Amino acid sequence: MTSNFQPNARGYYGEFGGAFIPEMLYPNVEELREQYLTILADPEFQAEYQLLLRDYVGRPTPLFEAKRLSARYNTRIYLKREDLCHTGAHKVNNTVGQILLAKRLGKTRIIAETGAGQHGVATATVCALMGMECIVYMGKTDTERQKPNVERMRLLGAKVVAVTSGSQTLKDATNEAIRDWIGNPVDTHYIIGSVVGPHPYPDLVARLQSIISEEMRKQLLEKVGRELPDYVVACVGGGSNAAGAFYHFLDEPSVQLVAVEAAGHGIHSGHSAATSVLGTPGIIHGSRTLLMQDEHGQITEPYSISAGLDYPGIGPLHAYLGASGRARFISIEDEQALTAVAECSRLEGIIPALETAHALAALGQLGAGPDDVVVINLSGRGDKDLETYMKYADKLK
Amino acid sequence: MQNRIQQAFARKGQNLLNVYFTAGYPSLHDTVPLIEALTEAGADLIEIGMPFSDPLADGPVIQQSSSVALANGMSLYVLFEQLREIRTKVPDTPLLLMGYLNPIMQFGMEKFCQAAAEAGVDGLILPDLPLVEYEEQYQPIFKKYGLQPVFLITPQTAPARIRHMDTLTDAFLYLVSGPGTTGGANTQAEGVQEAYFERIAAMNLRNPRLIGFGIGDKSSFQHAASHAHGAIIGSAFIRALEDAPDAPAAAKRFVASILN
């Protein structure tokens, strides 16, 4: 299938992407670039990957018809239940694939960055499974607001490093992970958790998450009699769950792709993470993409109540989907997300993660009609956010 | 005609000392006094760091100095204003700007190169500008303004790639001493580092070689310099400036401690 949305050989989606990395990382990234497509296509790799997705992750995840939410919004809403994946979010689809890749590259030590902690937990999990050393970098602020995930990682045998540089969130955790990789260029594989970073990471992670939309198509055919929905909605921090949910619909123009960002206290409040609105082209973590920066090109501190969306950039694929008009971007404020947490919990008996709640909060803005099929990627469950939900209990009534 | 960098290597031949500092650190207007003091004390080349919020190749010391410099109000606009008259004060010492691509992209690459050339800058060290992007996008601009690119080489850099870099510059090659960001200690097994330095020396490259990362005192300087044409010191110098009431005086003392 030819596609307008695959990166070129140098990793560019339109003007976005590339690999802006120091020479110290060049051999590692180049090795990965040369080998990832071959390894992903290898039948032995695929057999091992698919088996783990089925028996360890618990795939396929259900596509659930959310009847009460549908009635509330007068449209046909289906939830893709990535929250039912082992470890509680879609992140594990990627880490299972990358740990198998790392083994084939002969690496013995794994590093990762994490924001909300879901990617850190998913990485620590597969490292335990494969008996590999695991170091997870996490902003100190995030270690405090996502404590249960820190404890889970430790229980799984990972070393969690609290990062105290910069804003002490996901951006800084990513910087520290990259610095670790510079210092350990031979034995270490860096499992990036989102569709960000230098080429080939955005494409690698998108491919490993594309199982989400692959299953959606089959399940939609079964449940509604057609493979193509009218809307696919997903939240975007770096954008891995959105990339997975959009992937097999990218070349289907009848499907509206909706990416939902965190507006924090409001897009223009100075406390936001709505990169598609506030970002301009620049380089972050080795990729040319949209990012939040000041007039001097210094990267600014984003804000969101959700640690997983608190990132000043977006993956280059998403920057391109926005610039080309293929995807529509919606921004959701903290309070709207909290309202959506309560709504989904009460109407469907599903407590979503704060990140996912941003996607749910966009339902009212889609303009979907009664016969339209809307698929929301329910990327993660809300257990990790219980402390935040308790803090804002009055808003969740 | 030789550029200032080549002249510096022709003058001295070996044991060249290249000192890095972050512009705007410890205080905003230390840039020019520090360049003058370093030159007077005998530094052979000077690298002026352009502070960035997210310096990926740098360790904690340069990260911290960058944060302080940014908080002090340093920007490319301020830096070029400070450097406007530098060549009337420091005519011969090669000056290099070191920093990351994003602030330069926002400033505009051509405008940046023009301003650097007008200030009398000789070379640019941009760690996150990949070789392929340099060749395809920026080489003509560098050439137009007479700016030399300085490429980093690591123990993992393939020989063919080193040879290729060697054809693209008339400055020096920057040998990163081992794995790690700036300011880290050498944790390699004995002899590993020397074997790498000697392997590169034996390539008979066009350009001279300076060794950097983890060089911080007289003995590490002499050791590194004995395997190349000289060495680069950054983090250790930044540390020496940290609590110094008089930054230029501290710079002179520091250079003396390395060279004398």
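What you see is a predicted model, and the numbers here were worked out from it, not measured in a lab. Per chain, numbering begins at 1; letters A, B, ... match sequence-line order. Below, each value reflects all heavy atoms present in this structure, side chains not excepted, and no hydrogens, waters or symmetry copies.
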*Under 4.5 Å heavy-atom distance to chain A, tell me which part of B/F107 shows up: side chain, backbone, both or neither.*
neither

_Heavy-atom contact with chain A under 4.5 Å, split by part of B/T181_ = both

*Strictly by modelled atom types, are A/Y190 and A/Q98 linked by a side-chain donor-acceptor pair under 3.5 Å?*
no

*asked:* Once ring-ring contact (aromatic ring centres under 6.0 Å, His included) is applied, do any residues pair with A/Y201, and if so which ones, sequence neighbours excluded?
replied: none

*Where on B/P51 is there a heavy atom nearer than 4.5 Å to chain A: the side chain, the backbone, both, or neither?*
backbone

_Which portion of B/F213 sits near chain A, non-hydrogen atoms under 4.5 angstrom_ = side chain

*Assess the pair B/Y138 and B/F112: is the distance between their ring centroids shorter than 6.0 Å?*
no

*asked:* What part of B/Q188 gets within 4.5 angstrom of chain A, counting heavy atoms only: side chain, backbone, both, or neither?
replied: neither

*Check A/T289 against A/F16 and note the closest heavy-atom contact, atom names and distance.*
CA-CD2, 3.6 Å

*Taking all atoms of both residues into account, what is the closest heavy-atom pair of B/I46 and B/F21, and its distance?*
CG2-CE2, 3.8 Å

*What residue pairs, at least two apart or across chains, pass salt bridge (charged side-chain N to carboxylate O under 4.0 Å, His left out) with a residue in residues 176-192 of chain A?*
A/R109-A/D180, A/E176-A/R179

*Relative to chain A, which of B/G184, B/G178, B/P103, B/A158 shows the most heavy atom pairs under 4.5 Å?*
B/P103

_Contact class of A/L25 relative to chain B, heavy atoms under 4.5 angstrom_ = neither

*Which answer fits A/E295, side chain, backbone, both or neither, if we ask what part of it has an atom under 4.5 Å from a heavy atom of chain B?*
backbone

*Where the side chain of B/Y100 meets the backbone of B/A57, is there a donor-acceptor pair that is under 3.5 Å apart?*
yes

*chain B heavy atoms under 4.5 Å from A/I21: which part of the residue, side chain, backbone, both or neither?*
backbone

*Under 4.5 Å heavy-atom distance to chain A, tell me which part of B/Y77 shows up: side chain, backbone, both or neither.*
side chain

*Could you check which of B/I104, B/L101, B/D128, B/T154 has the highest count of heavy-atom pairs closer than 4.5 Å to chain A?*
B/D128

_Residue B/L70 versus chain A: region with a heavy atom under 4.5 Å_ = side chain

*Please state whether the side chain, the backbone, both or neither of A/P198 comes within less than 4.5 Å of a heavy atom of chain B.*
neither

*Do you know the tightest heavy-atom contact between B/I86 and B/A119?*
CG2-O, 3.3 Å

*Do you know which two heavy atoms are closest between A/S276 and A/E261, and how far apart they sit?*
OG-OE1, 2.7 Å

*Heavy-atom distance under 4.5 Å to chain B: side chain of A/Y26, backbone, both or neither?*
side chain

*Can you say whether B/M165 sits under 4.5 Å from chain A via the side chain, the backbone, both, or neither, judging by heavy atoms?*
side chain

_Looking at every non-hydrogen atom in both residues, tell me the closest pair between B/V150 and B/Y174 and how far apart they are._
CG1-CB, 3.8 Å

*Under a 4.5 Å heavy-atom cut-off, does chain A meet the side chain of B/Q63, its backbone, both or neither?*
side chain

